[in-house]
Amino acid sequence: MPALDLTAPVAIPGADDRAAAQQRLSTRLLFLIVGLANATWAPLVPLVKDRADLDAAGLGLLLLTFGIGSILTMPSAGVAAARLGFRPVLLAGTLAIGLALPVLAVGSGLVPLTGALLLFGAGMGAVDCVMNLQAVAVERAAGRPMMSGFHGLYSLGCILGALLASVLLGTGLGAGWSVLILVAGIVALFAAAWPGILPASGAGEAAGPPSRCPAARCWCWACCASWCS
């Protein structure tokens with residue numbers, strides 16, 4: 001399995017201050033996106049339950065597909081980031097989120113809802129995994145603790161997403177239009193984050209021991225994330 005070299009991705013330590021600042025901003029925006037996407041899905045849960053005519057047990061089984069999507073994606077996202085770089089993986093994950101949320105907002109059949117939730121979980125798992133890899137690289141390059149601040153942006157995204165979703169649904173726009181507006185916000189945030197996303201995760205000579213990501217450890221973290229979700 002390829003090594004994820006988090007000590008020297010795209011030679012961050014030699015970047016100028018402006019580039020380093022852009023990379024930090026982009027990392028914060030990625031955490032904000034995941035929080036916003038998570039908060040966009042939360043108010044849709046009771047709507048999905050009613051449209052699919054599910055009881056509590058059926059809803060629980062449906063929600064399990066989100067965890068399955070994350071479990072399948074998280075380990076492979078790290079491998080893909082090592083081979084392809086962060087940008088393609090984050091782009092694919094964000095695209096999956098953006099496609100899945102509108103279906104979850106208006107879909108009524110159990111099959112499309114299950115597929116959309118599986119896709120949503122896969123996208124969230126991929127973005128979550130790779131944004132944390134970028135956060136570790138940016139923090140190490142800065143030489144000071146930054147991880148708590150990055151995760152604070154995730155919490156802020158959850159708060160903003162919940163507020164915006166509540167306001168939009170309260171205006172009578174309906175779930176479909178409300179989600180489309182929030183997805184447009186996610187797309188805009190990702191576009192703003194793009195310049196500072198690390199284009200390669202393993203380029204250049206390693207400045208220290210590489211941080212490897214064994215499959216067993218990735219699966220463990222993925223299962224924990226699935227259980228928490």
Side-chain angles (χ1 to χ4, degrees), residues 30-81 88-132 154-155 157-166 168-169 173-187 189-190 218-229:
L30 291 173
F31 277 83
L32 187 66
I33 286 170
V34 172
L36 184 61
N38 194 41
T40 301
W41 157 239
L44 299 179
V45 174
L47 301 178
V48 167
K49 181 177 183 294
D50 291 340
R51 287 199 308 270
D53 195 22
L54 297 172
D55 56 13
L59 179 63
L61 290 174
L62 178 63
L63 294 177
L64 184 62
T65 58
F66 174 88
I68 293 173
S70 296
I71 286 176
L72 293 175
T73 304
M74 278 186 168
S76 57
V79 178
V89 182
L90 288 171
L91 178 61
T94 305
L95 181 62
I97 292 170
L99 292 175
L101 282 173
V103 178
L104 292 171
V106 301
S108 56
L110 188 59
V111 172
L113 288 172
T114 300
L117 194 54
L118 186 69
L119 182 64
F120 181 63
M124 290 285 281
V127 176
D128 196 318
C129 176
V130 180
M131 77 180 185
N132 276 283
Y154 167 80
S155 300
C158 289
I159 294 171
L160 290 176
L163 287 174
L164 290 172
S166 298
L168 291 171
L169 290 171
L173 280 177
W177 283 108
S178 299
V179 167
L180 284 177
I181 291 172
L182 290 169
V183 167
I186 290 173
V187 171
L189 289 172
F190 186 77
C218 282
W219 279 97
C220 180
W221 280 109
C223 289
C224 289
S226 175
W227 179 84
C228 290
S229 68

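Small disclaimer: the values here were computed from a predicted structure and weren't measured. Keep in mind that the numbers below use all heavy atoms, side chains included, and drop hydrogens, waters and symmetry copies. Residues: numbered from 1 along the sequence shown.
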> Working to the nearest 0.5 angstrom, can you tell me the gap between Leu59 CG and Asp53 CG?
12.0 Å
> Does Asp55, at its CG atom, have more than 12 non-hydrogen atoms belonging to other residues, nucleotides or ligands within less than 6.0 Å?
yes
> Okay, side chain of Thr73, backbone of Ser70: is any donor-acceptor separation there less than 3.5 Å?
no
> Can you list everything that forms a ring-ring contact (aromatic ring centres under 6.0 Å, His included) with Phe190? Sequence neighbours excluded, please.
Trp194
> Could you give me the CA-CA distance, side-chain angles and deciding distance for Leu164 and Leu182, then say whether side-chain contact (heavy atoms from CB on, under 4.5 Å) is met?
CA-CA 8 Å; Leu164 290 172; Leu182 290 169; 3.7 Å; yes
> Looking only at heavy atoms, which two atoms of Pro46 and Ala42 are closest? And how far apart?
CD-O, 3.9 Å
> Would you check if the side chain of Thr65 reaches a backbone N or O of Leu62 as a donor-acceptor pair within less than 3.5 Å?
yes
> Please tabulate, for the side chains in residues 34-41, all donor-acceptor contacts under 3.5 angstrom to protein atoms that are two or more places apart in sequence or on a different chain.
| unit_1 | atom_1 | unit_2 | atom_2 | d |
| --- | --- | --- | --- | --- |
| Asn38 | ND2 | Tyr154 | OH | 3.1 |
| Thr40 | OG1 | Leu36 | O | 2.7 |

> CG of Leu32 to CG of Leu160: how many Å apart, nearest 0.5 Å?
6.5 Å
> If every non-hydrogen atom of Val89 is compared with every non-hydrogen atom of Ala81, which pair is closest and at what distance?
CG2-N, 3.8 Å
> Could you tabulate the donor-acceptor pairs under 3.5 Å formed by side-chain atoms of residues 102-131, not counting sequence neighbours?
| unit_1 | atom_1 | unit_2 | atom_2 | d |
| --- | --- | --- | --- | --- |
| Thr114 | OG1 | Leu110 | O | 2.7 |
| Asp128 | OD1 | Asn132 | ND2 | 2.9 |

